[in-house]
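The structure appears below as structure tokens.
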Amino acid sequence: MKKIKSENKILIMLAFFSMSIGLWENFRQLWLQDNNFAVIDISNIISIGTLISVIGIFFIGKYIKLQKLKNFVIFALILKFVNTLVLLYLNKTGNYILINISIIIDILVGYLITTSIYPLITTIIKNNTMYSKRKLTEYLFRDIGILVGGVLIGKNIIGILVNYNVCLCISAIFLAISIISIFNIKIGETNEIKKKTKIPLFKYILKDKLQITYMIYTFVGATAYSTALGLKMLTFTNYFGFTDSGATNYLLVIGLIADGIGILALKYLTPKNDYITITIKFGIRLMFYIIAFLSNNVIIILIATTWSILISTAYENICDGYYINAVSNEY
């Protein structure tokens with residue numbers, strides 16, 4: 001029997017984790033609304049959780065060395081699993097303070113795990129193709145998680161009505177499988193550079209004008225996307241009038257098409273086409289946003305939203321890898 005490569009074992013672990021994320025995060029906003037959280041409260045808690053996650057990522061990037069990263073990911077996966085059990089218990093309890101804290105932990109740990117996957121892979125192999133495989137694995141299996149939720153939500157299975165909390169329970173099962181799978185992964189050896197020759201982290205990043213430009217581009221683009229689509233499910237259910245199942249299925253189809261575009265982009269486009277891909281990703285999106293804003297027409301807004309989701313991840317497969325891999329592993 002052919003032995004599975006360590007990098008592929010990480011991708012398998014990522015696949016189960018992504019299914020868990022896709023299933024739960026697709027319904028997280030609706031779960032909160034079902035627990036009597038207002039839209040503004042949901043927006044605030046997600047914003048706070050995301051802001052804390054940014055701080056957490058800086059902290060982990062600075063203090064967790066590559067050789068310790070696997071242990072950190074294991075710890076983070078277990079913490080997320082335990083926190084998921086806490087959320088299951090808190091459902092319908094009306095304990096808003098604990099739910100807020102638990103949701104912040106959920107967002108924080110989810111970001112930290114996702115951010116740590118590719119650095120973990122670079123201890124074994126580091127190239128643009130591997131980066132693209134990692135992205136495609138995350139997006140494809142996240143969509144499979146959404147598919148599982150879309151198929152099950154509202155169904156009565158062996159006498160159990162599948163609601164948001166049941167979906168959270170199934171998400172915990174996928175998460176448990178990812179925890180089990182990571183213990184069988186052996187990471188590569190890492191060499192730390194000597195302290196006397198090491199350039200401070202921010203000085204290393206900021207000395208490269210190309211990296212500065214890329215970071216600004218990523219920051220502004222991600223901010224714009226999150227501003228427009230930070231509450232995706234609530235937008236589709238409360239504003240566009242979709243049912244929770246209908247919104248899930250719609251987002252699933254768009255996500256799968258985006259995965260297909262990502263595969264084609266990976267095959268036929270390269271970083272040499274950055275001007276083309278960035279124009280497709282942001283130029284057309286900007287045009288749709290302007291038209292949607294000026295018209296204030298629900299159909300046009302839906303088209304603009306659909307395009308943003310459709311194209312948001314597809315070109316990361318080829319645009320981001322070049323810049324990410326340009327950063328030395330020591331940093």
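Only a predicted model underlies this, so the values are computations on that prediction, with no experimental measurement involved. Count residues from 1 along the sequence.
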Chi angles and distances behind the side chain to side chain donor-acceptor pair (under 3.5 Å) call for Asn91, Tyr164:
CA-CA 10 Å; Asn91 184 51; Tyr164 306 135; over 6 Å; no
Could you measure the distance from the [atom1] atom of [X] to the [atom2] atom of [Y]? Nearest 0.5 Å is fine.
{"X": "Ile125", "Y": "Glu7", "atom1": "CD1", "atom2": "CD", "result": "5.0 Å"}
{"X": "Lys126", "Y": "Asn325", "atom1": "NZ", "atom2": "CG", "result": "5.5 Å"}
{"X": "Leu175", "Y": "Phe81", "atom1": "CG", "atom2": "CZ", "result": "7.0 Å"}
{"X": "Ile254", "Y": "Thr305", "atom1": "CD1", "atom2": "OG1", "result": "10.5 Å"}
{"X": "Asn127", "Y": "Ile121", "atom1": "CG", "atom2": "CD1", "result": "10.0 Å"}
{"X": "Glu25", "Y": "Leu168", "atom1": "CD", "atom2": "CG", "result": "11.5 Å"}

Would you say that [X] contacts [Y] through its side chain, given a criterion of any heavy-atom pair below 4.5 Å between the two side chains?
{"X": "Leu32", "Y": "Ile99", "result": "yes"}
{"X": "Leu69", "Y": "Asn71", "result": "no"}
{"X": "Val166", "Y": "Leu161", "result": "no"}
{"X": "Met233", "Y": "Thr248", "result": "yes"}
{"X": "Leu147", "Y": "Asn249", "result": "no"}
{"X": "Gln33", "Y": "Asn238", "result": "yes"}
{"X": "Tyr289", "Y": "Ile284", "result": "no"}
{"X": "Asn100", "Y": "Asp41", "result": "no"}

Pick from Asp143, Ile146, Ile153: which one makes a side-chain contact (heavy atoms from CB on, under 4.5 Å) with Asn26?
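Looking at Asp143, Ile146, Ile153, the match for Asn26 under the side-chain contact (heavy atoms from CB on, under 4.5 Å) is Ile146.
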Reference residue Phe72; test side-chain contact (heavy atoms from CB on, under 4.5 Å); the match among Leu112, Ile113, Leu120
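Considering Leu112, Ile113, Leu120, a side-chain contact (heavy atoms from CB on, under 4.5 Å) with Phe72 is found only for Leu112.
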Any chance [atom1] of [X] has more than 12 other-residue heavy atoms, nucleotides or ligands included, within less than 6.0 Å?
{"X": "Lys155", "atom1": "NZ", "result": "yes"}
{"X": "Asn296", "atom1": "CG", "result": "no"}
{"X": "Tyr118", "atom1": "OH", "result": "yes"}
{"X": "Tyr89", "atom1": "OH", "result": "no"}

Looking at [X] and [Y], would you say the former's side chain and the latter's main chain have a donor-acceptor pair under 3.5 Å?
{"X": "Ser171", "Y": "Cys167", "value": "no"}
{"X": "Lys135", "Y": "Tyr131", "value": "no"}
{"X": "Thr114", "Y": "Tyr111", "value": "no"}
{"X": "Thr137", "Y": "Leu11", "value": "no"}
{"X": "Ser43", "Y": "Val39", "value": "no"}
{"X": "Lys70", "Y": "Ile185", "value": "yes"}
{"X": "Ser18", "Y": "Leu14", "value": "yes"}
{"X": "Asn35", "Y": "Trp31", "value": "yes"}

Check whether [X] and [Y] end up in the same hydrophobic cluster, where Ile, Leu, Val, Met, Phe, Trp and Tyr are linked by side-chain heavy atoms less than 4.5 Å apart.
{"X": "Ile42", "Y": "Ile40", "value": "no"}
{"X": "Ile180", "Y": "Leu85", "value": "no"}
{"X": "Val73", "Y": "Phe183", "value": "yes"}
{"X": "Ile303", "Y": "Leu310", "value": "yes"}
{"X": "Ile55", "Y": "Ile60", "value": "no"}

Test Ile45 against Ile107 for side-chain contact (heavy atoms from CB on, under 4.5 Å), laying out the working first.
CA-CA 10 Å; Ile45 196 63; Ile107 294 171; 5.7 Å; no
Give the C-alpha distance, both sets of side-chain angles, the deciding distance and a yes or no for side-chain contact (heavy atoms from CB on, under 4.5 Å) between Met13 and Leu77.
CA-CA 11 Å; Met13 180 273 290; Leu77 284 167; 4.3 Å; yes
For the student: nearest non-hydrogen atoms of [X] and [Y], plus distance:
{"X": "Val148", "Y": "Leu23", "answer": "C-CD1, 4.3 Å"}
{"X": "Thr237", "Y": "Ala247", "answer": "CG2-CB, 4.2 Å"}
{"X": "Ala304", "Y": "Phe288", "answer": "CB-CB, 3.7 Å"}
{"X": "Ile10", "Y": "Ile124", "answer": "CD1-CD1, 3.8 Å"}
{"X": "Phe27", "Y": "Asp244", "answer": "CE2-O, 4.4 Å"}
{"X": "Ser308", "Y": "Arg285", "answer": "OG-CG, 3.3 Å"}

Which residues share a ring pair (Phe, Tyr, Trp, His ring centres under 6.0 Å) with Phe236, sequence neighbours left out:
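Phe236: ring pair (Phe, Tyr, Trp, His ring centres under 6.0 Å) contacts with Phe240, Phe242, Tyr250.
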Show your working on ring pair (Phe, Tyr, Trp, His ring centres under 6.0 Å) between Tyr96 and Phe37 and close with a plain yes or no.
CA-CA 8 Å; Tyr96 299 113; Phe37 279 72; 5.3 Å; yes
Could you please spell out the steps behind the salt bridge (charged side-chain N to carboxylate O under 4.0 Å, His left out) verdict for Glu138 and Arg142?
CA-CA 6 Å; Glu138 178 188 348; Arg142 179 197 59 192; 5.3 Å; no
Residue pairs fulfilling side-chain hydrogen bond (donor to acceptor under 3.5 Å, both in side chains) with at least one residue in residues 46-59, sequence neighbours excluded:
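Applying side-chain hydrogen bond (donor to acceptor under 3.5 Å, both in side chains) to every pair that reaches into residues 46-59, excluding sequence neighbours, yields nothing.
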Would Ser102 and Asn83 count as a side chain to side chain donor-acceptor pair (under 3.5 Å) here? Give the steps.
CA-CA 6 Å; Ser102 197; Asn83 189 63; 2.7 Å; yes
Sequence neighbours excluded - salt bridge (charged side-chain N to carboxylate O under 4.0 Å, His left out) pairs with any residue from residues 105-122
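For residues 105-122: Arg28-Asp106, Lys80-Asp106.
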Run the ring pair (Phe, Tyr, Trp, His ring centres under 6.0 Å) test on Tyr63 and Phe59 for me, step by step, so that the C-alpha distance in whole Å, both residues' side-chain angles and the decisive distance to 0.1 Å come before the verdict.
CA-CA 6 Å; Tyr63 294 106; Phe59 179 84; 4.9 Å; yes
